[in-house]
Amino acid sequence: MNNLQKHTDIVRALAINNGFDHCGIARAQVLNEDAKRLETWLNKGMHGSMQYMENHFDLRINPSKLVPGARSVITLLLNYYPNQQQSASAPKISKYAYGNDYHEVIRSKLKTFLLQVQEQVGEVHGRGFVDSAPVLERAWAQKAGIGWIGKNGNLINKQSGSFFFIATLIVDLELKYDDAFAKDYCGTCTRCVDECPTDAILPDKVIDGSKCISYFTIELKEALIPENMKGKFDNWMFGCDVCQDVCPWNRFSTVNHEINFTAVPEILNFSIKDWEALTEESFKRIFKNSPLKRTKFEGIKRNLHFIKQ
Ligand code: B12
Ligand code: SF4
Ligand code: SF4
């Protein structure tokens, strides 16, 4: 067996050993087509107040600027579909936020993964990324053959749907590359477009981030949610899953195997009254490891007040 095949087999085996559900590999290259889409999106102000999306444009479209001599972009998916549901009276929280913060869970997996690649292959330079870095993660996942970008903007895997986090490992190691995912299985379906509560899903797989409930409830900092959104949130207090819940491909979702994603009981059971009675001290204690920390206590209270009106 030649080294290329051997190294690729090692990478794929280690991805599974570290608990990732899917692994795809793409050649590291400049993302010219995606750069155009990103530029248009930014020029139209679809990032709202997420100023970090304006930063590091050149890094975001070129993996060699993140890892000198980059040869391969390894995309890894981690399932977060939960085995429990929120009670009907609970203010809605996106499924990705039921358990511990995925950034920390995945960062630690990526670190181990890279160390093991180095142990088994030899000198390899690389960096692992999840969410917060200037990496177009969905675009890389599609290029690595893992799935297609749905009309709802999400990366959808034909076998298991879209309730997955995406992580990326950029390395200066040559590997065997997967073919990009060429098909699009949305067909004539328009469920996500029809059901999005704030009409944030535009034609051609473009999502107006500045109109998405996830943006208002998580990313919008120290500001009030605009009046024209009143009555549209359908009880979503943190994030929104509507465009994924209605997607027929998510009927194939299976329950995640990550112990760290076990749901915080309060997320499942707290009623509006319980949330209202919650003190900052208890918030910090209960949600110490949770993605809910991102909005801070004040953000949760703002969102709660907004959905109650
Ligand atoms: C900013 C951001 C947001 C913003 C803006 C959303 C958006 N659509 O851009 C807000 C806060 C609204 C948001 C919401 C959500 N997000 Co978000 N978000 C991001 C972040 C940090 C950057 C995304 C970005 O670059 N946007 C700019 C636009 C232009 O890029 P894009 O949407 O990725 O689209 C690219 C490709 O899809 C491609 N593309 C688009 N059309 C086409 C067409 C063809 C033919 C092809 C080939 C490619 C293609 O081109 C674009 C440019 O490369 C990524 C993490 C990351 N670093 O990538 C997570 C990320 C995209 N988010 C994620 C998640 C889970 C969500 C939510 C589901 C959370 C929730 N439940 O509330 C929602 C879903 C909303 C939606 N329908 O998109 C996951 C997506 C997982 C998946 N299976 O796709 C990511 C990857 C985080 C992660 N590491 O897991 N998010
Ligand atoms: S997450 Fe909710 S608000 Fe955002 S695009 Fe999807 S359905 Fe619309
Ligand atoms: S709901 Fe339908 S149109 Fe939307 S992403 Fe899923 S399959 Fe595609």
Side-chain angles (χ1 to χ4, degrees), residues 22 31-42 44 46-50 52-54 56-57 60-61 75-80 92-97 102-103 106 129-143 146-158 160-168 180-220 229 232-234 236 238-251 291 294:
H22 293 275
L31 298 174
N32 290 317
E33 287 300 309
D34 295 281
K36 285 186 217 151
R37 278 191 283 260
L38 176 63
E39 194 177 11
T40 311
W41 190 77
L42 289 169
K44 290 190 171 164
M46 291 186 182
H47 57 306
S49 64
M50 295 180 283
Y52 58 85
M53 288 304 300
E54 292 170 25
H56 308 303
F57 188 90
R60 217 175 274 274
I61 60 158
T75 293
L76 303 152
L77 297 194
L78 187 64
N79 179 7
Y80 62 84
K92 293 181 199 165
I93 293 177
S94 171
K95 291 182 244 311
Y96 89 80
Y102 69 98
H103 297 95
I106 295 179
F129 304 94
V130 55
D131 191 50
S132 48
V135 177
L136 286 168
E137 293 173 335
R138 285 165 163 167
W140 283 114
Q142 184 272 336
K143 283 180 205 328
I146 299 183
W148 74 101
I149 310 292
K151 285 180 191 152
N152 63 11
N154 287 297
L155 185 275
I156 308 176
N157 176 273
K158 201 171 174 220
S160 15
S162 66
F163 287 109
F164 287 91
F165 297 118
I166 308 177
T168 318
F181 199 90
K183 290 206 171 151
D184 178 328
Y185 290 92
C186 282
T188 55
C189 172
T190 55
R191 280 199 210 176
C192 54
V193 184
D194 303 339
E195 299 293 328
C196 170
T198 55
D199 297 325
I201 305 181
L202 307 179
D204 301 324
K205 305 166 190 248
V206 175
I207 307 302
D208 185 346
S210 73
K211 285 176 82 181
C212 176
I213 294 174
S214 190
Y215 163 74
F216 289 124
T217 56
I218 306 173
E219 299 295 322
L220 190 66
M229 288 292 149
K232 292 193 175 175
F233 277 21
D234 189 25
W236 285 99
F238 187 92
C240 166
D241 284 341
V242 172
C243 57
Q244 298 193 85
D245 284 340
V246 299
C247 179
W249 291 99
N250 279 329
R251 67 185 184 276
R294 185 159 171 85

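Order of listing sets the numbers, starting from 1, for every ligand and every atom in it. Quick note: numbers below take in every heavy atom, side chains included, and nothing from hydrogens, waters or symmetry partners.
Under 4.0 Å from ligand 1, not a single heavy atom of E33 appears. Here F129 has no heavy atoms under 4.0 Å from ligand 1, in either its backbone or its side chain. With a 4.0 Å cut-off on non-hydrogen atoms, C212 touches ligand 1 through its side chain and not its backbone. Counting heavy atoms under 4.0 Å from ligand 1, residue F165 touches it through both backbone and side chain. Counting heavy atoms closer than 4.0 Å to ligand 1, residue H47 contributes nothing at all. For K95, no heavy-atom contact with ligand 1 is shorter than 4.0 Å.
Two residues are said to be in side-chain contact when any heavy atoms from C-beta on lie closer than 4.5 Å; V130 and L78 fail this criterion.
Among N152, I213, D131, the residue whose heavy atom sits closest to atom 57 (N) of ligand 1 is D131.
Among the atoms of Q244, none of the N or O lies under 3.5 angstrom from an N or O of ligand 1. At a 3.5 angstrom cut-off on N or O pairs, R60 does not count as close to ligand 1. For the pair S162 and ligand 1, the shortest N or O to N or O distance falls below 3.5 Å. The shortest N/O to N/O separation between W41 and ligand 1 does not fall below 3.5 Å. Distances between N or O atoms of S132 and those of ligand 1 include no value under 3.5 Å. Polar contact check, V130 against ligand 1: no nitrogen or oxygen pair lies under 3.5 Å apart. Polar contact check, D204 against ligand 1: no nitrogen or oxygen pair lies under 3.5 Å apart.
Listed by chain and number, C212 SG are the protein N/O/S atoms closer than 2.8 Å to atom 4 (Fe) of ligand 2, with waters left out. Among protein atoms, those of element N, O or S found less than 2.8 Å away from atom 8 (Fe) of ligand 3 are C186 SG.
Of the protein's non-hydrogen atoms, R138 NH2, 4.5 Å is the one closest to atom 66 (C) of ligand 1. Closest to atom 58 (O) of ligand 1, if we only count protein heavy atoms, is V135 O, 3.1 Å. Of all protein heavy atoms, the one lying nearest to atom 43 (C) of ligand 1 is K205 CD, 3.5 Å. When hydrogens are left out, the protein atom nearest atom 53 (O) of ligand 1 is D34 OD1, 2.8 Å; that is the closest non-hydrogen contact. Shortest contact from atom 72 (O) of ligand 1 to any protein heavy atom: S214 OG, 2.8 Å. In terms of protein heavy atoms, atom 4 (C) of ligand 1 is closest to M50 CE, 3.7 Å. Ranking protein heavy atoms by distance to atom 24 (C) of ligand 1, first place goes to M53 CE, 3.5 Å. The nearest heavy-atom contact from the protein to atom 89 (N) of ligand 1 is E137 OE1, 2.7 Å.
H47 and W41 have tilted rings, their planes meeting at an angle from 30° to 60° on a 0 to 90° scale.
Judged by distance alone, the side chain of N157 and the main-chain N or O of I146 form a donor-acceptor pair under 3.5 Å. Judged by distance alone, with hydrogens and angles left aside, the side-chain atoms of K95 form no donor-acceptor pair with the main-chain N or O of F163 at under 3.5 Å.
Short contacts between ligand 1 and C240, defined as distances under 4.0 Å to a heavy atom of the residue, involve ligand atoms 70 (C), 71 (N), 72 (O). Of all the atoms in ligand 1, the ones that sit under 4.0 Å from a non-hydrogen atom of C243 are 77 (N). Ligand-side atoms of ligand 1 in range of E219: 11 (C), range being under 4.0 angstrom from any heavy atom.
Checking atom 17 (Co) of ligand 1 against the protein gives no heavy-atom contact under 4.0 Å. Using a 4.0 Å threshold on non-hydrogen atoms, atom 48 (C) of ligand 1 counts as touching the protein.
Taking the side chain to side chain contact (heavy atoms under 4.5 Å, CB included) definition, one finds that P197 meets it with I213, V242, sequence neighbours left out. A search for side chain to side chain contact (heavy atoms under 4.5 Å, CB included) contacts involving C192 returns K151, N152, I201, C243, V246, not counting sequence neighbours.
Distances shorter than 4.0 angstrom do not occur between any heavy atom of A167 and any atom of ligand 1.
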